[in-house]
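Notes follow the structure.
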Amino acid sequence: MLGTGGVDGAIHRAAGPELLRECRQLGGCLTGEARITSAYRSQLARSFVPSVPYGTTAAPKSLNYCAAAMSIAFPTISTGAYGFPPNLAATIAVKTGQSNSRLDLVRFVCFDRASAEIYEELLSG
């Protein structure tokens with residue numbers, strides 16, 4: 001939630017310094033929890049759901065915090081520096097996106113071709 005690198009850093013760069021100020025005021029976020037923030041300067045969303053989804057039991061829970069949204073984008077979270085298995089992360093994101101009938105639009109955001117191929121295989125099957 002502090003914009004230190006990876007997906008988190010990319011989100012903070014898009015949103016601007018206001019997001020960091022808001023995240024610092026939230027008092028942190030434990031593994032498996034999520035918070036909702038404004039998207040500030042980002043043109044990608046109206047809000048963000050910063051979370052710490054690392055771990056097999058925490059990831060589905062934190063992604064389900066997003067259930068009230070009409071559309072959502074799942075980045076390939078925790079699969080870089082945190083070493084979460086990319087296949088498992090994709091499986092969790094796809095199942096969570098497909099299980100929520102209230103969502104009008106689900107996007108899976110991949111930062112490399114290898115991740116995109118995992119999602120393409122899961123979504124075509």
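Since this is a predicted model, take the numbers as computed values, not measurements.
- Rounded to the nearest 0.5 angstrom, T79 OG1 and N87 CG are separated by 10.5 Å.
- Panel note: side chain S115, backbone F111; no donor-acceptor pair is recorded below 3.5 Å.
- More than 12 heavy-atom neighbours from other residues, nucleotides or ligands sit within 6.0 angstrom of CD on E120.
- For Y119, the ring-ring contact (aromatic ring centres under 6.0 Å, His included) partners are F108, not counting sequence neighbours.
- Scanning both residues, S38 and L19, for their nearest heavy atoms gives O-CD1, 3.8 Å.
- Heavy-atom minimum distance, G97 versus V106: O-CG2, 4.0 Å.
- Shown here are the side chain to side chain contact (heavy atoms under 4.5 Å, CB included) partners of E18, two or more places apart in sequence or in another chain: R21, Y40, R41.
- The structure places CD of Q98 at 6.0 Å from CG of L123, a figure rounded to the nearest 0.5 Å.
- Inter-residue side-chain proximity for I118 and T76 is flagged as unmet; no heavy-atom pair is nearer than 4.5 Å.
- Counting all heavy atoms, side chain and backbone alike, A39 lies closest to A15 at O-CB, 3.3 Å.
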